[in-house]
J.: 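Sharing a structure here in structure tokens format.
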There are 2 protein chains.
Amino acid sequence: MVTIGDVAKAAGVSRSTASYALSGKRSISPEVTQRVLDAVAELGYTPNAGARALRTSQTRVLALFAQFVEDEFAPAMLEYIKGVTDTARELGYDTLLVSDDDGVGAVQRLARSRMVDGFVLLNVAEDDDRLEPLRQVPQPGALVGLPGDPSGLDVFDLDFEASGRMMVDEMHALGHREMILVSQPEDVVERGGAYVWRLADAAKDRAASLGIELHHYFAASSQPQIGEDLHRFLDAHPGATALLLNNEGAAAALPAVLHARGLSAPEDLSVVGRYSDVFARTFSLPFSAIDSAADRLGRHAVHQLVGRIEGSLDKASPHTVELIAPEVHDRGSMAAPPAA
Amino acid sequence: MVTIGDVAKAAGVSRSTASYALSGKRSISPEVTQRVLDAVAELGYTPNAGARALRTSQTRVLALFAQFVEDEFAPAMLEYIKGVTDTARELGYDTLLVSDDDGVGAVQRLARSRMVDGFVLLNVAEDDDRLEPLRQVPQPGALVGLPGDPSGLDVFDLDFEASGRMMVDEMHALGHREMILVSQPEDVVERGGAYVWRLADAAKDRAASLGIELHHYFAASSQPQIGEDLHRFLDAHPGATALLLNNEGAAAALPAVLHARGLSAPEDLSVVGRYSDVFARTFSLPFSAIDSAADRLGRHAVHQLVGRIEGSLDKASPHTVELIAPEVHDRGSMAAPPAA
DNA sequence: CCGTTCAGTCGAATCCATTCGACAGTGTTC
DNA sequence: GAACACTGTCGAATGGATTCGACTGAACGG
């Protein structure tokens with residue numbers, strides 16, 4: 001492989017001069033600089049990452065922790081990943097994708113070996129055991145997902161409480177007075193998906209203060225169970241005219257369920273979901289939904305992280321908790337309830 | 001950070017002795033070895049990756065190239081990624097996820113900077129311009145997807161020709177004599193998705209030799225266009241009793257289309273697809289399908305790649321082209337045609 | 001009892017890029 | 001014309017792990 005020594009030799013200068021010509025950290029005459037640049041182009045020189053990391057203790061690599069959990073809906077994950085890798089690349093960083101079962105060990109391994117300059121964690125749980133090691137490590141960390149204790153870390157998430165209220169408000173404004181909220185399976189919640197609770201609790205509070213009946217259920221996240229669940233909920237509440245979905249699998253299954261019951265949205269039932277736009281577009285019935293803004297969250301997380309790395313902000317300096325405001329994207333599945 | 005010097009000092013030995021105690025490359029007395037191990041555990045020593053890479057010219061990192069193309073179906077991608085990262089980790093490697101627009105540049109950058117020991121390329125096109133630089137680089141490469149010229153690289157892919165024949169054969173065996181094959185959009189093919197042609201051509205050949213009518217169409221890959229496309233195809237061929245889908249979007253849209261036409265599978269129309277099992281499970285009607293075996297392909301690619309890295313097989317030594325045999329997973333959407 | 005062998009250990013060199021201190025040469029200023 | 005300030009370069013040190021060659025001391029054979 002070609003080293004800076006080869007470049008220096010080809011340009012007829014010392015290694016240090018070649019280095020300064022490339023970094024611009026000391027003034028080098030235009031002619032010499034040009035000769036160095038020519039040599040670089042001709043020989044195809046790219047600095048050895050290991051040597052540079054060793055010397056500068058910066059790798060220009062970010063660790064991206066993504067846990068691929070069986071029953072959470074996968075397509076959403078890819079959007080987060082894409083948001084992170086693209087943004088990182090724009091800022092001159094590569095991304096190490098970590099799907100280790102042992103998240104705690106992986107944090108320590110990568111931090112101690114100085115393989116990465118910082119950490120992005122997706123899918124952060126309420127009581128995530130990766131956070132403690134992350135706080136003790138010199139590299140900064142950014143989270144997508146709000147944990148119980150966000151101290152010492154930058155956090156980015158959708159505002160799930162506002163989302164819950166917004167769903168109820170939208171339906172209320174259209175005239176609905178009895179609704180069903182379908183959440184993700186309880187084991188998702190147990191694994192730390194507190195956002196499910198945050199949305200549901202906020203929705204219930206709002207419903208109560210508006211004098212609305214809101215029936216809350218957990219449901220499976222995949223076929224065929226989820227279809228049966230939906231039938232059960234609809235059977236149990238014949239007076240409900242609106243369906244709020246915080247469960248991708250339910251959105252996927254709903255078209256078949258509506259078909260089987262001879263119902264249409266929004267004529268017979270108004271529907272609003274909470275999941276990503278890309279997800280919404282691929283389904284056979286495009287339901288209105290609050291976008292989970294996956295790529296935006298990934299973007300923000302990386303920007304903040306890189307800011308901390310390069311600004312070398314003290315790890316102790318004040319941290320962000322940014323909850324982005326929900327927006328309902330109307331795809332025509334919400335309307336006034338049928339005249340009773 | 002703690003270095004091997006710290007470990008050596010704590011154990012009361014020289015740096016080289018500590019290194020040999022850990023690597024086992026020279027015999028070291030049991031007592032000394034134990035002291036070194038204790039010091040490592042106590043201090044939490046992990047070798048500095050940059051220093052090790054510099055010295056050994058091995059990084060234990062693989063580059064994974066995944067292009068997130070708008071109209072290819074994303075969920076499938078995640079399965080490939082998972083297969084690769086998990087397998088890499090099992091073998092002691094980390095994975096650098098590259099979604100660079102400039103694939104050629106990224107190959108050269110990562111190879112020259114010695115950031116990675118090898119390359120895995122997903123979504124390889126018929127005439128993929130990343131292959132040429134990849135061949136010229138010292139690190140080995142493994143492809144998922146069969147290009148026109150696979151020389152110098154290890155290739156893993158589903159056997160799409162066998163898949164095309166199998167779809168036709170299955171339907172033929174059930175008694176179907178007129179079928180519609182729906183492929184991915186033509187621009188996917190143009191971008192190099194030759195697998196679309198390989199499947200379609202093989203299916204057409206087989207149909208011809210069995211004396212079956214097979215209508216072949218390209219269709220859009222997302223809503224709402226794909227729904228209209230399907231209606232058009234079914235309108236054009238009222239006698240067709242079987243639908244072969246090599247297009248995930250079509251599978252996603254089909255339930256609504258069937259509903260609209262008052263049809264059911266398999267009573268009125270038999271359906272078989274070609275996509276991943278995970279994908280199939282999330283859709284509102286579970287159609288029978290040939291699994292794309294994403295995780296298996298990723299696994300094989302990584303095993304082969306690591307074998308080449310560690311066995312330091314000559315880059316010129318014989319390369320593999322492994323096409324894995326298709327299997328139809330029956331989910332009940334195929335049956336004999338309705339009695340005419 | 002001397003010479004040989006070998007297990008066990010250490011010192012020093014190496015991988016490559018970066019950067020500090022030093023220095024030669026030119027130009028500036030009183 | 002002497003003192004000073006830059007500019008542009010270079011040499012050498014640095015970062016941390018690995019590994020080759022060399023050395024020590026104990027065991028063993030004759």
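Within every chain, numbering begins at 1; the chains are lettered A, B, ... in the order of the sequence lines, protein sequences first and strands thereafter. Hydrogens, waters and symmetry mates play no part in the numbers below; they use all other heavy atoms, side chains included.
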J.: Evaluate side chain to side chain donor-acceptor pair (under 3.5 Å) for B:Asn123 paired with B:Gln67, printing each intermediate quantity in order.
T.: CA-CA 7 Å; B:Asn123 249 343; B:Gln67 5 202 32; over 6 Å; no
J.: Closest approach to the side chain of B:Ser19, judged atom by atom: which nucleotide of D:dT18, D:dG16, C:dT18 is it?
T.: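 Per side-chain heavy atoms of B:Ser19, the pick is D:dT18.
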J.: Taking only side-chain nitrogens and oxygens of A:Ser29, does any of them come within less than 4.0 Å of OP1 or OP2 of D:dT7?
T.: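 No, no such contact exists.
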J.: Side-chain N or O of B:Thr17 less than 4.0 angstrom from OP1 or OP2 on C:dT9?
T.: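 Answer no for this pair, as no side-chain N or O of B:Thr17 is under 4.0 Å from OP1 or OP2.
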J.: Among D:dT18, D:dC10, C:dC10, which nucleotide has an atom closest to any side-chain atom of A:Val13?
T.: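 Among D:dT18, D:dC10, C:dC10, the one nearest the side chain of A:Val13 is D:dC10.
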J.: Atom CD1 of A:Ile4 to atom C1' of D:dC10: distance rounded to whole Å?
T.: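 The answer, rounded to whole Å, is 13 Å.
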J.: Whole Å only: how far is the CZ atom of B:Arg114 from the P atom of C:dA17?
T.: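 Spelled out: CZ on B:Arg114 to P on C:dA17 is 11 Å.
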J.: Return the orientation label for the B:Phe65 and B:Phe119 ring planes: parallel under 30°, perpendicular over 60°, tilted otherwise.
T.: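 Correct class here is tilted.
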J.: Whole-Å distance between C:dC16 P and A:Gln58 CD?
T.: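 Going from CD in A:Gln58 over to P in C:dC16 covers 22 Å.
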J.: Do B:Glu310 and B:Arg60 pass the salt bridge (Lys or Arg N to Asp or Glu O under 4.0 Å) test, and can you show the C-alpha distance, the side-chain angles, and the key distance before you say yes or no?
T.: CA-CA 10 Å; B:Glu310 302 191 342; B:Arg60 302 201 72 86; 3.3 Å; yes
J.: Grab the CG-C1' distance between A:Asp6 and C:dA17 for me, whole Å please.
T.: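 A:Asp6 atom CG is separated from C:dA17 atom C1' by 13 Å.
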J.: Ignoring the backbone of A:Arg26, work out which of C:dT18, C:dC20, D:dG21 is nearest its side chain.
T.: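 The listed nucleotide nearest to A:Arg26's side chain is C:dC20.
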J.: Just call it for A:Ser16: base, sugar-phosphate, or nothing, with non-hydrogen atoms closer than 4.0 Å on any strand.
T.: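 Base, at least one base heavy atom under 4.0 Å.
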J.: With respect to the phosphate group of C:dC10, does any side-chain polar atom (N or O) of B:Ser14 fall under 4.0 Å of OP1 or OP2?
T.: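 Looking at the OP1 and OP2 atoms of C:dC10, one of them is under 4.0 Å from a side-chain N or O of B:Ser14.
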J.: Rounded to whole angstrom units, what separation is found between the CE atom of A:Met115 and the P atom of D:dG16?
T.: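 Atom CE in A:Met115 sits about 17 Å away from atom P in D:dG16.
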J.: Under the criterion side chain to side chain contact (heavy atoms under 4.5 Å, CB included), which of A:Asp100, A:Leu96, A:Val61 is the partner of A:Leu110?
T.: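 Single pass found, and it is A:Leu96.
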J.: Using a heavy-atom cut-off of under 4.0 Å over every strand shown, decide if B:Thr3 touches base, sugar-phosphate, or nothing.
T.: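 It contacts sugar-phosphate atoms only.
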J.: Which of these nucleotides, D:dT18, D:dG16, D:dT14, is closest to any side-chain atom of A:Arg55?
T.: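 Of D:dT18, D:dG16, D:dT14, D:dT14 is nearest to the side chain of A:Arg55.
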J.: List the atom of A:Val124, the atom of A:Arg130, and the distance in Å for their closest heavy-atom pair.
T.: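 It is CA-NH2, 4.0 Å.
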J.: From the options D:dT18, D:dG16, C:dT9, select the nucleotide whose nearest atom is closest to the side chain of B:Arg52.
T.: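 So the side chain of B:Arg52 is nearest to D:dT18.
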J.: Ignoring backbone atoms, establish whether A:Ser27 has a side-chain N or O less than 4.0 Å from OP1 or OP2 of D:dG8.
T.: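 Answer is yes, contact under 4.0 Å.
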J.: The test is side chain to side chain contact (heavy atoms under 4.5 Å, CB included); show your working for B:Leu97 and A:Ile81 and say whether it passes.
T.: CA-CA 9 Å; B:Leu97 182 63; A:Ile81 293 177; 3.4 Å; yes
J.: In a check of side chain to side chain contact (heavy atoms under 4.5 Å, CB included) between A:Leu143 and each of A:Leu131, A:Val120, A:Val321, which one passes?
T.: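 The passing option is A:Leu131.
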J.: Is the number of heavy atoms from other residues, nucleotides or ligands within 6.0 Å of CG (A:Asp127) greater than 12?
T.: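 No - once you tally the heavy atoms of other residues, nucleotides and ligands closer than 6.0 Å, there are 12 at most.
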J.: By nearest heavy atom, map A:Tyr20 and A:Val2 onto DNA chain C; which one lands nearer the 5' end?
T.: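 Counting from the 5' end, the first nearest nucleotide belongs to A:Val2.
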J.: Five pairs at each end of the helix from C:dC1-D:dG30 to C:dC30-D:dG1: take the axis at both ends and give me the angle between them to 10°.
T.: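 Taking five pairs per end, the axes differ by 50°.
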J.: Is the phosphate of C:dA17, meaning OP1 or OP2, less than 4.0 Å from a side-chain N or O of A:Tyr45?
T.: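 Yes.
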J.: Quick one: is A:Lys25 getting a side-chain N or O under 4.0 Å of the C:dT19 phosphate, OP1 or OP2?
T.: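 Looking at the OP1 and OP2 atoms of C:dT19, one of them is under 4.0 Å from a side-chain N or O of A:Lys25.
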J.: Considering heavy-atom distances to DNA chain C, does B:Gly12 or B:Arg15 have its closest nucleotide positioned more toward the 5' end?
T.: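 The residue closer to the strand's 5' end, by nearest nucleotide, is B:Gly12.
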J.: Expressed as a whole number of angstroms, how long is the span from A:Asn48:CG to C:dT14:P?
T.: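 My rounded result for the distance is 17 Å.
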J.: For the pair made of CD in A:Glu31 and C1' in D:dT7, what is the distance, rounded to whole Å?
T.: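 The distance from CD of A:Glu31 to C1' of D:dT7 comes to 12 Å, rounded to the nearest Å.
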J.: Between A:Leu54 (CG) and D:dG15 (P), how many Å, whole number?
T.: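 Atom-to-atom, A:Leu54 to D:dG15, this comes out as 9 Å.
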